[in-house]
Amino acid sequence: DTGVSQDPRHKITKRGQNVTFRCDPISEHNRLYWYRQTLGQGPEFLTYFQNEAQLEKSRLLSDRFSAERPKGSFSTLEIQRTEQGDSAMYLCASSGQGREQYFGPGTRLTVT
Amino acid sequence: GESVGLHLPTLSVQEGDNSIINCAYSNSASDYFIWYKQESGKGPQFIIDIRSNMDKRQGQRVTVLLNKTVKHLSLQIAATQPGDSAVYFCAELVPGQNFVFGPGTRLSVLP
């Protein structure tokens with residue numbers, strides 16, 4: 001499978017714990033995006049990398065959130081001190097030369 | 001702020017009929033649009049895109065129409081099949097900014 005992959009697919013954590021998600025983009029894509037999606041809503045942009053550089057962050061990305069893409073390939077999204085409001089689907093997408101973005105299956109986070 | 005919206009939150013169609021899903025966008029500077037299909041528990045799947053210099057684009061069983069005058073986008077699915085049941089999102093892109101997604105339309109295909 002050469003699509004975008006995400007791990008884990010599901011994560012249940014207690015409030016206050018830290019969680020980390022991983023995204024592996026399509027191999028030749030240099031741009032990588034993180035989105036958050038809550039039930040019944042469309043994805044909301046969180047942050048964007050071009051190669052290893054994080055070029056943009058949404059105001060949705062509070063200081064408890066951090067994302068990295070150290071070698072310009074896979075990316076991680078960490079949420080520290082999770083809150084119940086962080087419960088959502090976290091989606092990763094990648095794009096190459098064109099503007100179309102291809103999404104992974106998402107990581108569903110439940111904070112109890 | 002600028003947003004992408006949909007006329008119908010849910011749409012039920014008979015199997016074999018054609019489906020039309022509509023989307024209104026408010027930013028006249030948007031120059032690129034994508035329709036995504038999202039099945040339960042999965043990430044959005046790219047269906048078709050269109051640039052603002054086009055009025056129509058056709059894919060396999062799908063057609064996207066863009067009316068810039070009224071800022072309207074539609075997705076037409078021919079001969080709708082049970083596998084087409086999903087939530088459909090339109091997304092718009094303003095140059096230099098990021099995609100803005102609408103809330104989605106749920107398509108239910110009736111047997």
Side-chain angles (χ1 to χ4, degrees), chain A residues 1-11 21 23-26 29 31-50 54-61 67 77 88-110, chain B residues 1-6 8-10 21-27 29-54 57 59 62 64 73 75 86-107:
Chain A
D1 189 341
T2 57
V4 178
S5 61
Q6 292 186 246
D7 184 70
R9 295 291 308 277
H10 300 91
K11 178 70 178 179
F21 309 141
C23 171
D24 287 87
I26 294 171
H29 285 182
R31 283 171 284 172
L32 186 148
Y33 307 81
W34 284 100
Y35 290 83
R36 183 176 70 186
Q37 185 179 28
T38 53
L39 198 62
Q41 300 296 317
E44 297 173 291
F45 170 79
L46 291 178
T47 191
Y48 152 54
F49 290 85
Q50 180 154 321
Q54 188 173 15
L55 297 185
E56 191 168 348
K57 292 195 289 186
S58 161
R59 280 171 289 183
L60 292 175
L61 214 66
L77 178 68
M89 175 78 87
Y90 290 86
L91 293 162
C92 175
S94 69
S95 66
Q97 297 298 318
R99 291 189 283 179
E100 65 272 22
Q101 296 181 14
Y102 296 92
F103 283 84
T107 294
R108 179 163 296 284
L109 173 66
T110 302
Chain B
E2 302 289 1
S3 65
V4 174
L6 294 168
L8 297 172
T10 59
I21 301 172
N22 296 305
C23 176
Y25 65 95
S26 57
N27 195 329
S30 295
D31 72 345
Y32 180 63
F33 305 86
I34 296 180
W35 278 102
Y36 285 95
K37 171 187 179 184
Q38 188 172 26
E39 297 174 280
S40 181
K42 298 183 179 180
Q45 176 188 356
F46 175 93
I47 301 174
I48 192 167
D49 60 356
I50 189 167
R51 291 176 171 75
S52 60
N53 61 354
M54 303 171 69
R57 190 159 190 229
V62 294
V64 56
L73 193 70
L75 176 70
V87 176
Y88 289 80
F89 295 97
C90 66
E92 63 173 325
L93 182 65
V94 174
Q97 298 184 21
N98 294 292
F99 275 104
V100 173
F101 287 77
T105 293
R106 180 172 299 281
L107 175 65

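In what follows, every heavy atom counts, from backbone to side chain, and hydrogens, waters and symmetry copies are set aside. A, B, ... follow the sequence lines: proteins, then strands. Residue 1 opens every chain. Note that the structure is a prediction, hence the values are computed from the model and not measured.
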Worksheet item: With sequence neighbours left out, which residue pairs that include part of residues 89-110 of chain A fulfil the salt bridge (charged side-chain N to carboxylate O under 4.0 Å, His left out) condition?
Response: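 Qualifying pairs: A:Arg99-B:Asp31.
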Of all the heavy-atom pairs spanning [X] and [Y], show the shortest one and how long it is.
X: A:Gln101; Y: B:Tyr36; result: O-OH, 2.6 Å
X: A:Leu91; Y: B:Gly43; result: CD2-CA, 3.9 Å
X: B:Asn98; Y: A:Glu56; result: ND2-OE2, 2.8 Å
X: A:Gln37; Y: B:Phe89; result: NE2-CZ, 3.3 Å

Worksheet item: Heavy-atom distance under 4.5 Å to chain A: side chain of B:Gln45, backbone, both or neither?
Response: neither
Response to the item:
Across all chains, not counting sequence neighbours, the side-chain hydrogen bond (donor to acceptor under 3.5 Å, both in side chains) partners of B:Glu39 are none
Worksheet item: Stepwise, does the side chain to side chain contact (heavy atoms under 4.5 Å, CB included) test hold for B:Phe99 with A:Tyr33?
Response: CA-CA 10 Å; B:Phe99 275 104; A:Tyr33 307 81; over 6 Å; no
Worksheet item: Would one find more than 12 heavy atoms of other residues, nucleotides or ligands at under 6.0 Å from atom CG of A:Leu39?
Response: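 For A:Leu39, atom CG is not crowded (no more than 12 foreign heavy atoms under 6.0 Å).
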